[in-house]
2 protein chains.
Amino acid sequence: MNNQIPLDQVLHGDCLEILPHIPSGSVDLIFADPPYNLQLRRELWRTELSKVVGVDHEWDRFSSLSEYDEFTRKWLAECQRCLKDSGTIWVIGSYHNIFRIGSILQDLGYWILNDVIWIKHNPLPNLRGTRFCNAHETIIWAKKCDNDKKYTFHYQALKAGNEDRQMRSDWYFPICSGSERETRDGRTAHPTQKPEGVLRRIISASSNPGDVVMDPFCGTGTTAAVAKALNRRYITMDKEEAYVGLAEKRLAAVSPELMNEPLSILESRRPKVPFINIIESGLLLPGATLRLKSKQKVLAIIHGDATISALGHRGSIHKVGALCLGTPTCNGWINWYYTDEASGDEMLIDCLRSVRF
Amino acid sequence: MNNQIPLDQVLHGDCLEILPHIPSGSVDLIFADPPYNLQLRRELWRTELSKVVGVDHEWDRFSSLSEYDEFTRKWLAECQRCLKDSGTIWVIGSYHNIFRIGSILQDLGYWILNDVIWIKHNPLPNLRGTRFCNAHETIIWAKKCDNDKKYTFHYQALKAGNEDRQMRSDWYFPICSGSERETRDGRTAHPTQKPEGVLRRIISASSNPGDVVMDPFCGTGTTAAVAKALNRRYITMDKEEAYVGLAEKRLAAVSPELMNEPLSILESRRPKVPFINIIESGLLLPGATLRLKSKQKVLAIIHGDATISALGHRGSIHKVGALCLGTPTCNGWINWYYTDEASGDEMLIDCLRSVRF
DNA sequence: TCTGCAAGTGAATCCGTAT
DNA sequence: AATACGGATTCACTTGCAG
């Protein structure tokens with residue numbers, strides 16, 4: 001393996017052994033669905049045992065939790081090393097393990113961006129009627145560290161796909177079932193297979209086509225399958241050979257989709273028009289005046305160099321706006337009004353930018 | 001104070017100093033809304049140049065995560081001592097602190113029963129478009145320890161009040177506003193006042209009339225007020241004298257309710273399915289086409305991010321619809337048609353929303 | 001009295017590039 | 001690396017006032 005990046009394969013082995021071979025800073029995005037049955041099984045087992053033989057609760061709980069913490073710290077630290085400075089990680093869990101994971105993420109210096117709640121329309125009910133129906137899972141989204149690097153987030157595309165309202169932290173997906181559910185010998189292949197919809201939203205929101213997406217706990221290969229469909233590269237692994245075979249078979253049937261370039265890539269921003277263009281093109285003449293909506297008395301005069309002056313201040317539309325309003329910053333475009341000669345209406349100078357130059 | 005239980009008063013003082021005076025095993029239910037340890041780095045301004053009033057109070061400042069952990073461990077340990085063996089605790093938080101809280105609860109030997117998600121109808125949006133809108137908070141419900149004692153949980157009452165379906169872990173409440181919001185000198189009295197609906201559900205679900213309900217972080221006194229209204233006793237405290245006075249005044253105006261069982265469950269409003277869910281769930285595939293009834297020649301293509309493009313425009317089903325029709329607005333759901341593969345019929349995409357998610 | 005519009009606000013780890 | 005500065009960015013709901 002050496003320093004080669006094992007792309008687009010399903011590796012067989014424990015992530016604690018494989019991750020150290022992945023080069024540092026080579027991964028754009030990580031999704032992880034770590035096991036928690038380690039802890040859960042032990043605690044259920046302990047509960048049963050304690051009824052019979054009275055095992056020392058304190059000691060056993062501590063050993064079980066700390067063992068889980070140590071495992072978690074190891075794989076999360078390796079993931080952090082593998083991530084690019086601009087990379088982000090998603091980790092999913094339930095109340096059994098998500099608090100350990102969130103704390104360790106913070107301890108390792110990851111910087112949490114959001115916790116997202118996957119709300120299940122069709123959860124397993126609480127069969128004994130002793131608690132609330134556990135109808136959700138928590139997914140933590142974090143960046144590698146508290147640096148200034150920009151992380152990938154297709155805000156505008158998500159907003160457009162969400163009917164022009166920004167995407168929120170509550171996500172609604174059915175649990176994985178029907179034909180999407182992988183089976184082996186006619187039985188559910190993996191107990192915690194995640195819906196492709198969840199992975200689709202995660203991968204398309206926080207990575208770009210061509211990016212490297214890693215999943216240290218492959219399972220049935222949902223992450224890799226969606227990554228392939230969305231034209232991303234993948235690195236994934238599982239310590240159980242049966243899952244490796246299953247995932248490979250699943251991946252072979254996946255074809256990369258067309259039409260999944262994010263809106264923010266296709267829609268190259270409208271080129272910014274500097275204020276001086278407005279003056280140079282004669283849309284506003286030197287000597288004309290501007291007003292602030294909230295302070296009608298403040299009158300600014302436009303100079304030939306596209307600076308303005310008001311209340312004894314002179315400078316850009318932004319700077320003079322901030323000084324007049326007493327705010328630290330000000331977007332002059334959406335605060336200064338000019339008077340339209342034809343209609344006499346007061347109009348935002350931002351309107352002048354939509355005129356084609 | 002001695003061994004007297006200071007019932008139905010608002011105590012003035014730090015919970016770390018007061019809690020040690022509360023007798024062991026004297027409390028049936030605890031609700032705690034501890035400081036979140038928010039870390040705001042810059043001022044945040046809205047586009048219309050009003051400043052967002054964040055939580056930047058002395059009581060929410062900790063110098064480090066470990067200091068926060070230590071504080072948390074101390075008050076949670078005291079709470080555990082105060083609880084009856086059958087008692088339970090609820091703690092609310094956000095991603096800034098809830099993982100620390102959950103881990104420490106587990107470390108101390110509390111036994112987590114559920115994590116409940118309070119989903120807000122009307123959260124503060126993400127004003128910079130840099131993350132998902134943080135639209136929820138997490139509430140952990142735990143029992144004192146992993147013992148065999150039965151805890152209070154009115155499963156049947158909750159179910160009856162929830163249209164005969166068992167109550168789930170996703171709860172929908174608007175943020176506290178309007179006349180419910182406590183004010184002082186005409187301004188918001190406390191930045192983190194919780195809605196009474198949340199407390200009403202918590203207290204009535206997990207305690208009985210006459211029980212002792214404790215809140216170590218009184219604030220405006222919501223817990224005590226709801227406890228009094230529901231005929232419970234309360235113990236509460238705050239280290240800021242101003243809040244003590246405020247809560248006392250609020251409590252004086254509360255009358256215990258008659259007939260407060262069964263539960264009154266607020267309407268649960270869940271957001272409608274956005275178009276992106278249709279794509280993510282595979283009901284429509286990227287690359288498929290949509291048509292307008294009135295303009296059959298206009299063909300729109302669906303992209304992987306649930307935007308569509310037609311006539312050179314790209315955006316949401318609504319926006320592109322409006323541009324194609326030349327109307328100011330357009331409800332894309334009832335204007336775009338897809339072709340059903342099985343029948344060949346043209347169907348409104350609105351039909352796809354009725355599929356159960 | 002009713003309607004419509006404007007203004008205000010809520011637990012927020014909330015910019016990016018050029019110099 | 002630190003600073004300067006241009007200019008991009010929000011949703012649901014309530015209250016109050018004008019008409």
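To find a chain, count down the sequence lines: A is the first, B the second, and so on, and within it residues start at 1. Treat the numbers as computed from the prediction; the structure is a model and nothing was measured.
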| request: Look at the rings of W90(A) and W171(A) and say which category their plane angle falls in: under 30° parallel, 30 to 60° tilted, over 60° perpendicular. | output: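 Rings of W90(A) and W171(A): tilted, 30 to 60°.
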| request: Fit a plane to each ring of F132(B) and W141(A), take the angle between them on a 0 to 90° scale, and name the class: parallel (under 30°), tilted (30 to 60°) or perpendicular (over 60°). | output: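 Answer is perpendicular, since the angle exceeds 60°.
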| task | Quickly work out the D164(A) CG to dT9(D) C1' distance and round it to whole Å. | result | 15 Å
| query | Pairs counted as Watson-Crick or G-U wobble with both distances under 3.5 Å: what dot-bracket string results for DNA chain C, using | for bases tied to another strand? | reply | .|||||||||....|||||
Does [N] have its OP1 or OP2 closer than 4.0 Å to a side-chain nitrogen or oxygen of [X]?
X	N	value
T47(B)	dA8(D)	no
K319(A)	dC5(D)	yes
R165(A)	dC11(D)	no

| query | With respect to the side chain of N331(A), which nucleotide from dA12(C), dA11(C), dT9(D) is positioned closest? | reply |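 Looking only at heavy atoms from C-beta outward on N331(A), the closest nucleotide is dT9(D).
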| message | Categorize D146(A) for me: base, sugar-phosphate, or nothing, with a 4.0 angstrom heavy-atom threshold over every strand shown. | response |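 Nothing: the residue D146(A), judged by heavy atoms under 4.0 Å, touches no strand.
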| With a 4.0 Å cut-off on heavy atoms, is C330(A) in touch with a base, just the backbone sugar-phosphate, or nothing at all? |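 Base contact - C330(A) has a heavy atom under 4.0 Å of at least one base atom.
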| request: Decide whether a cation-pi geometry holds between R291(A) and W336(A); the criteria are a distance under 6.0 Å from NZ or CZ to the six-membered ring centre and an angle within 45° of the ring axis. | output: no
| request: Give a yes or no answer on whether the side chain of T188(B) reaches the backbone of P191(B) with a donor-acceptor pair at less than 3.5 Å. | output: no
| query | Would you say the side chain of R46(B) and the base of dG10(C) hold a donor-acceptor pair, judged only by whether the two atoms sit under 3.5 Å apart? | reply | yes
| field | Within residues 305-317 of chain A: residues closer than 4.0 Å to DNA chain C (heavy atoms) | value |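 Close to the strand, none.
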| request: Quote, to the nearest angstrom, the C1' distance that separates dA12(C) from dC5(D). | output: 24 Å
